[in-house]
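This report concerns only the one structure given below.
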Amino acid sequence: MNNYQPNERGYWGEFGGRFVPETLMFPLEELTEMYFSVRDDADFQAQFLQLLKDFSGRPTPLFHAQRLSEKLGGAQIYLKREDLGHTGSHKINNAIGQVLLARKMGKKRVIAETGAGQHGVATATVCALFGLECVVYMGTEDMRRQALNVFRMRLLGAEVRGVDSGSKTLKDAINEALRDWVTNVDSTYYLLGSALGPHPYPLMVRDFQSVIGREAREQIIEKTGSLPDCLVACVGGGSNAIGLFHPFLNDESVRMIGVEAGGKGNVLGEHAARFNEQGGGKIGVLQGTKSYLLQDTNGQIALTHSVSAGLDYASIGPEHSFLHSIKRAEYVSASDNEALDAFQILSQTEGIIPALESSHAIAYLQKLAPELSPAQTIICNLSGRGDKDVNQVQEMLLTK
Ligand SMILES: *Cc1c(COP(=O)(O)O)cnc(C)c1O
């Protein structure tokens, strides 16, 4: 049995590690020590689970999507309903875990980066709950695309700082957040939003999100009497996917499939599919971690594109690169148009409007489910709800 833990330097195989300026080495070491001390601490874990339950509404249901299963004509599809958690996505699980850690470390100020705004909203929410100062960095292009989430964060008492450099999106927001952290490291906790960045973040975020897979495993056994045949989840940085996958990694019969953003096409710049090697995906270092990332032939980080801001990032969490390298998980992509179709199909067959990110996972079900038999089961992680995306989809459908 493999326990799928990184080594003491934060590597899964050759992926992960800690590629940061010298000034961040000590704070990251301190964070790692603190994290390992709470990881097995019964009080901390009990407090975490209590908040997941009473504040966020866990466990989230596992829903048998019968009409979708019939329509696709193959496997039985079960949706893990992260869309029903507080603030509308899985991001709250990690925000709760890390804010508890920040409090434990005596930090009064929390900073975060955000792309679509979901992580910023989750962080602002938990900071409000505990009366912590909260600053969220967000690219000005993302602020324009996700204006409602900017308002939500401000309403929750957070300060949103626009980042005007580079492509004015997530990557640039992370750079600014890291810069803030270097300057204010004594008072400030950096709450990273996905299974990315320098050690211990990919490990810590994965652990906090693994509640998804632990619940799903129990729920599917209760409903069907057996393990699922397949797991499917969309992969931006990779936190909702690794959270679902991790508790099943030692169940060899369970296939797991991550769905990346195929965007508009295969050419570098048109997508965010990091494992698409023809499309520019190669091993490299970005924002503290070694993983697959989209780069041009000179090693410059490429621009990315996706209809969903939450999947629009040039790199992917290092544990996914490891699972890809040992072929324990498979990675595929769904295009903008396929996601847009899936957004409407799930709305119309099940009465559930999915986030555009999650719609990529739903889109892939249209290929996968018909290849399986009705006696087989798929758990698809519905990472978030689509309320934030309805205006954007409306515009896209009008101009299509
Ligand atoms: C942020 C987000 C994602 C992508 O992030 P991961 O870390 O890959 O999970 C996916 N779905 C939703 C709803 C999101 O908000």
Side-chain angles (χ1 to χ4, degrees), residues 60 79-95 98 112-123 125 136 138 142 145-146 148-149 152 169-170 173-174 191-197 201-202 204-206 208-213 231-246 257-261 272-275 287 289 291-292 304 306-321 323 329 331 333-334 339 342-343 346 352-363 380-389 392:
T60 58
L79 301 175
K80 180 61 175 158
R81 299 288 310 273
E82 292 304 296
D83 61 317
L84 294 178
H86 188 38
T87 70
S89 82
H90 66 291
K91 297 271 182 5
I92 193 80
N93 304 327
N94 172 52
Q98 288 200 57
E113 80 296 335
T114 198
Q118 291 300 101
H119 173 57
V121 168
T123 302
T125 297
V136 180
M138 188 171 190
D142 287 334
R145 289 192 285 195
Q146 298 287 342
L148 194 58
N149 273 341
R152 277 198 186 100
T169 59
L170 180 61
I174 297 180
L191 208 166
L192 212 153
S194 189
L196 286 170
Y201 286 104
M204 202 159 66
V205 177
R206 174 260 264 174
F208 289 136
Q209 294 292 1
S210 292
V211 65
I212 301 171
L231 307 175
V232 178
C234 65
V235 197
S239 69
N240 88 88
I242 201 71
L244 176 66
F245 294 175
H246 202 263
I257 303 169
V259 187
E260 298 187 285
R274 289 69 42 105
F275 292 126
Q287 295 180 326
T289 193
S291 193
Y292 270 78
T304 50
S306 170
V307 68
S308 77
L311 303 185
D312 198 352
Y313 182 62
S315 185
I316 183 169
E319 193 170 1
H320 285 290
S321 287
L323 296 177
Y331 295 86
S333 65
F343 185 91
L346 191 69
I352 299 170
I353 302 175
L356 274 174
E357 290 82 6
S358 326
S359 299
H360 287 71
I362 304 291
C380 179
N381 205 15
L382 198 64
S383 54
R385 61 176 183 234
D387 307 35
K388 68 182 175 59
D389 299 317
Q392 187 191 345

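All ligand and atom numbering here is 1-based and tracks the order in the structure.
- Residue contacts with ligand 1 include Cys234, since one of its heavy atoms falls under 4.0 Å from the ligand.
- Of all atoms in ligand 1, listed by their number and element, those nearer than 4.0 Å to a heavy atom of Gly238 are 6 (P), 7 (O), 8 (O).
- For atom 6 (P) of ligand 1, the closest non-hydrogen atom on the protein side is Ser239 N, 3.3 Å.
- Gly310 O, 3.4 Å is the protein heavy atom nearest to atom 4 (C) of ligand 1.
- Residue contacts with ligand 1 for His90 involve side-chain atoms from C-beta outward but no N, CA, C or O (heavy atoms, distance under 4.0 Å).
- In terms of protein heavy-atom proximity, atom 11 (N) of ligand 1 is nearest to Ser383 OG, 2.7 Å.
- Side-chain contact of Glu82 with Thr60: a donor-acceptor pair under 3.5 Å is present, judged by distance alone.
- When only interatomic distances are considered, the shortest N/O to N/O separation between Gly384 and ligand 1 does not fall below 3.5 Å.
- Residue contacts with ligand 1: Gly193 is placed with no nitrogen or oxygen under 3.5 Å of a nitrogen or oxygen of the ligand (distance criterion only).
- No N or O atom of Glu357 sits closer than 3.5 Å to an N or O atom of ligand 1.
- Nearest protein heavy-atom neighbour of atom 3 (C) of ligand 1: Lys91 NZ, 3.6 Å.
- Of the N or O atoms in Asn240, one or more lie within a sub-3.5 Å distance of an N or O in ligand 1.
- Rounding to the nearest 0.5 Å places OG of Ser291 at 8.0 Å from CG of Leu196.
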